[in-house]
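The model shown is predicted, which means the values in this text are computed figures rather than measured ones. Every chain is numbered from 1, with letters handed out A, B, ... down the list of sequences.
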There are 2 protein chains.
Amino acid sequence: MNDIVRILKEKGFKVTPQRIAVYNVLMNTKEHPTVEAIYNKLQPMYPTMSLATVYKSLEVFRELNLVQELNVGEDKFRYDANVKQHPHIMCIDCGRVDDVDDEMFFNLKDEVASKTGYELVGQKLYFYGRCPSCKRK
Amino acid sequence: MNDIVRILKEKGFKVTPQRIAVYNVLMNTKEHPTVEAIYNKLQPMYPTMSLATVYKSLEVFRELNLVQELNVGEDKFRYDANVKQHPHIMCIDCGRVDDVDDEMFFNLKDEVASKTGYELVGQKLYFYGRCPSCKRK
DNA sequence: TATGATATGGATAATAATTATTAATTAATA
DNA sequence: TATTAATTAATAATTATTATCCATATCATA
């Protein structure tokens, strides 16, 4: 059985076609889509699904830690089915958002904790630049 | 003469009491205030100043690179008169936002560039945790 | 110092993303 | 299958931000 189905059941949430559809969009992309983008991608297959349902599905997934929310500085959120906190990089020309391998950030948390006196629980690391394809132009 | 006055003049912007007031709030705080917070702080001294004026002043300052905009993941921006890109840390309990010394991030950009193939131009680094005072409770 | 061109401030309306509400529908389970 | 509780979808409400409009303040120039 699909993971998402099992987890929803375990946590007492209902398994609906809409939720599965929203989650599958996120599972099958590397594009870190916005709510709008997810909605648009689902339109052809689920023409009756409303934007509010996309929002609510994402809210449930976030609660269950099945997706993470990104804010790269736009006035809206993007979503990622990869819930491991990892850095992202955005192209300032074309707007695409990519993952950044995070092995180089291993000891960052400890260093920040000792510098600031905070007890660290998380981090959001965003980089900005020109992607390989935009660089060429 | 005040720096802000000189720069506004040089760039052909008019020097108004409102602009100076907004800038001074930012100069004299380490709190990374929101627009609302700036507005509230100015109310006693400038009771006729409107929220729109705060927004517009900040827009000018951002254009002139006199302030930087932060988005720590709230649904609003915070502002900092320190325009050098540096990491921030937010307390998940009380909401305060502090600076993080950035010497430890020196070679980060180069590493990210070589990993991703992007040409790096900037970064936003946010950490989350419990501040020393909230930790004690 | 006075004048006049023009950018700015302040009030308010508009916008856009998100959240709340609600009635009708649907799924889970006895 | 009936009951119950959760969910959907449509819509309204909310909230941060941006745009508009015009009286007014600023400042170069006379």
Handout entry: Any donor-acceptor N or O pair under 3.5 Å, side chains B/His86, B/Asp102
Key = no
Handout entry: Phosphate OP1/OP2 of C/dG9 contacted by B/Arg19 side-chain N/O (<4.0 Å)
Key = yes
Practice task
Taking only the side-chain nitrogens and oxygens of B/Tyr55, find out if one of them lies under 4.0 Å from OP1 or OP2 of D/dT18.
Solution key: no
Using a cut-off of 4.0 Å on non-hydrogen atoms, how would the nucleic acid contact of [X] be classed: base, sugar-phosphate, or nothing?
{"X": "B/Thr16", "value": "sugar-phosphate"}
{"X": "B/Thr48", "value": "sugar-phosphate"}
{"X": "B/Lys76", "value": "sugar-phosphate"}
{"X": "A/Gln18", "value": "sugar-phosphate"}
{"X": "B/Thr34", "value": "nothing"}

Practice task
Rounded off to whole Å, could you give me the NZ-to-P distance for the B/Lys56 and D/dT26 pair?
Solution key: 15 Å
Exercise for the section: Taking only Lys NZ, Arg NE, NH1 and NH2, and the carboxylate oxygens of Asp or Glu, determine whether B/Lys115 and B/Glu111 approach each other closer than 4.0 Å. Expected result: no
Problem - Straight-line distance of B/Thr116 OG1 to A/His88 NE2, nearest 0.5 Å - result: 13.0 Å
Handout entry: Verdict with reasoning, A/Lys124 to A/Asn71, per side-chain contact (heavy atoms from CB on, under 4.5 Å)
Key = CA-CA 9 Å; A/Lys124 295 183 185 171; A/Asn71 189 326; 5.9 Å; no
Problem - Side chain of A/Thr53 - closest among D/dC21, C/dT8, D/dT8 - result: D/dT8
Practice task
Ignoring the backbone of A/Phe13, work out which of D/dA10, D/dT7, D/dT17 is nearest its side chain.
Solution key: D/dT7
